[in-house]
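Numbering of ligands and ligand atoms starts at 1, following listing order.
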Amino acid sequence: MGNSMFCYQCEQTFGGKGCTKSGVCGKTPEIANLQDLLIYQLKGISCYVKNLIDRGETIDKNIVTFLENSLFTTLTNVNFDSNSHVKLLKESQKIKESLRNKSPEGKYPDAATYNLSDTKEDMLKDSVKAGIMYDENLDADIRSLRSTILYGLKGISAYGHQARFIGYTSEQIDQFYFLALEATTNDNLTLQDMIRMTMRTGDMSVEVMKTLDKANTSRYKDPSIHKVNVNIKKGPFIIVSGHDLRDLEMLLKQTENKGINIYTHGEMLPAHGYPELKKYKHLVGNYGSAWQNQQKEFDGIPGCILMTTNCLMRPRETYKDRIFTTSVVGWDGVQHIDVNEDGTKDFSVIINKALELGGFKEDEKPKEILVGFGHKETLSHASEIVNAVKKGIIRHFFLIGGCDGARPGRNYYTSFAQMVPNDCIILTLACGKYRFNKLDFGTIEGLPRLLDVGQCNDAYSAVRIATALADAFDTDVNSLPLTIILSWYEQKAVADLLALLSLGVKGIYLGPSLPAFISPNILQYLVDTFDIRPISTPEEDLKSSLKQAN
Ligand code: SF4
Ligand code: SF3
């Protein structure tokens, strides 16, 4: 022990089975094992909290926040710093003890009765029993559903964290974290119970995305069409990556009139569509492409980068002094911006560093793309869209959503988008779009053929759009001329997938590979119940989705 680990939570997992020596993502066995133990602690805490919930007691919000932050910390590409993990582990033990004192006597699972060791070395030894594969006798399908629920919850925690930071929460989700985690330790639950809990995770994923949509659109107003320059401008700059709009807003405020340009990166691109963010003149554009190109694109740049959520990759030495993390994101040796008691953050170290680095020397010729097709904007064109479909001008819609992986040669989604016939509309969301969103897809009836709905959490917007269109055609979402192609990489995409399934959406094309944590029987269940289709080739899948529709 010490050098081994087991993690299979993301799509790039080693050999499509599990990372056992080190993470393909850069996660060391030490971090992986501390994460296992942290999750074990959260499960233990949840057993006590469930008891309190059952007795009608209210949960301390600090415990909810702690649990949400801890779950988010263990999401792929978020935190690689062992000190943050040890700190969270110690905190978890305090919380556990306080809950234990309030709980009735009884039989609790090992995760609840375990007491954290004092040193990191001993914690690492203990972590063996927290491993996913530790109980060799556990039924493979139960293990599969326990993992699916846990990963769905991790995705939910990321969205929940973002919404809470803006001041929006949902009582249902706050409770669900504990109920679901308790279920993953409960040996009395049957396969049927676990399937129900998995679908419930999907319901809660819809609920959290709805809460986050409310948070974002209340604070920053509904997104509307906006052009974004994807080339650079002269001058000092800070690049903001990740999903957290409030971090971006605070940084925009603190950099006003300082001669610093702010660029979005990756999943922050949709920020340009929000009126209350795009109003800042120094939010000048979007930098770089997909997250997996960051090491090359950040190499030696004369400015700073702020990582607000996933996806962080090992920073090269050429920019380690100018990349900063905040919230739950962390990397050993990379400067972290903490949040103050009142929710504010002080970004002056980044600002000073950006000024010192001097920035880009020249303007590049601007190149613009469009963003901002959230539910409100897109549905403001509903009657044109419906008429165009009725007249046969628009034949089909393709929603190409989800995350992009790091593997080179992942051309399926780009090829697919390029092959979509001219009389069809492509909707995009999340970060899977970066390999094709700068291509020109032209227009159809005055509407751009490529409409970007937003971040991965805007799957909620896509659902709103689909439901409204279904209503307009007097049918249901599954009968619309719409095909959903979902690319999954990390656990937010698991939450998104479960959300769509819980809404009864059928016939989703899922790729680039199937999750390693889905057992053959569970896959069969998903195929039988939801007609989930593993992707094949763009040609085949395009043909079958258009055929299906006719
Ligand atoms: Fe492997 Fe993904 Fe886990 Fe990283 S997060 S260790 S790449 S399965
Ligand atoms: Fe992407 Fe990391 Fe999933 Fe919002 S930024 S999604 S992978």
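- A salt bridge does not link K296 to D299: none of the charged side-chain nitrogens sits closer than 4.0 Å to a carboxylate oxygen.
- Residue contact annotation: C431 places no N/O/S atom under 2.8 Å from atom 4 (Fe) of ligand 2.
- Panel note: side chain R246, backbone I166; no donor-acceptor pair is recorded below 3.5 Å.
- The distance between the ring centers of Y8 and F14 does not fall below 6.0 angstrom.
- In this structure, D174 pairs ionically with R164, as a charged nitrogen and a carboxylate oxygen lie closer than 4.0 Å.
- Contact analysis puts N310 in contact with ligand 2, with a non-hydrogen atom separation below 4.0 angstrom.
- Atom 4 (Fe) of ligand 2 has no N, O or S atom of C403 under 2.8 Å away, backbone or side chain.
- Of all atoms in ligand 2, numbered sequentially from 1 with element shown, those under 4.0 Å from a heavy atom of C456 are 4 (Fe), 6 (S).
- Taking the six-membered ring for Trp, Y40 and Y114 have ring centres closer than 6.0 Å.
- The nearest protein atom to atom 5 (S) of ligand 1, hydrogens excluded, is given as T76 OG1, 3.2 Å; this is a heavy-atom distance.
- Close contacts between ligand 1 and T13 involve ligand atoms 8 (S) [criterion: under 4.0 Å to a heavy atom].
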* Might you work through the side-chain hydrogen bond (donor to acceptor under 3.5 Å, both in side chains) test for Q9 and S147, ending with a clear yes or no? => CA-CA 8 Å; Q9 68 177 357; S147 299; over 6 Å; no
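- Taking the six-membered ring for Trp and thresholds of 30 and 60 degrees, Y287 and F237 have nearly parallel ring planes, at less than 30 degrees apart.
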* Apply the test salt bridge (charged side-chain N to carboxylate O under 4.0 Å, His left out) to residues D122 and K125: give CA-CA distance (whole Å), side-chain angles for both, the deciding distance (0.1 Å), then the verdict. => CA-CA 5 Å; D122 287 339; K125 281 188 202 136; 3.5 Å; yes
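- Near G23, with a cut-off below 4.0 Å to any heavy atom, the atoms of ligand 1 are 6 (S).
- For atom 2 (Fe) of ligand 2, the nearest protein heavy atom (residue, atom name, distance) is C311 SG, 2.1 Å.
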* Mind running salt bridge (charged side-chain N to carboxylate O under 4.0 Å, His left out) on R219 and E276 for me, showing each step along the way? => CA-CA 8 Å; R219 190 168 176 113; E276 289 299 310; over 6 Å; no
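- Across M268, K492, E490, Q455, heavy-atom proximity to atom 6 (S) of ligand 2 is greatest for E490.
- Ion pairing of K433 with D452 is present here, as a side-chain N (NZ or NE/NH1/NH2) and a carboxylate O approach within less than 4.0 Å.
- Shown in contact with H243 at under 4.0 Å from a heavy atom are these atoms of ligand 2, numbered in order with element: 4 (Fe), 5 (S), 6 (S).
- E267 contributes OE2 as its N, O or S atom closest to atom 4 (Fe) of ligand 2.
- Listed by number with element, the atoms of ligand 2 under 4.0 angstrom from any heavy atom of Y489 are 7 (S).
- Of all atoms in ligand 1, numbered sequentially from 1 with element shown, those under 4.0 Å from a heavy atom of C7 are 3 (Fe), 5 (S), 6 (S), 8 (S).
- Looking from atom 7 (S) of ligand 1 to the surrounding protein, the closest heavy atom is C25 N, 3.3 Å.
- With a heavy-atom cut-off of 4.0 Å, F14 does not touch ligand 1 at all.
- Atom 2 (Fe) of ligand 1 has as its closest protein heavy atom C10 SG, 2.3 Å.
- Remark: minimum distance from atom 1 (Fe) of ligand 1 to any protein heavy atom is reached at C19 SG, 2.2 Å.
- A heavy-atom separation below 4.0 Å is found between M5 and ligand 1.
- Residue contacts with ligand 1 for K27 involve side-chain atoms from C-beta outward but no N, CA, C or O (heavy atoms, distance under 4.0 Å).
- In this structure, W331 has its ring center at least 6.0 angstrom away from the ring center of F324.
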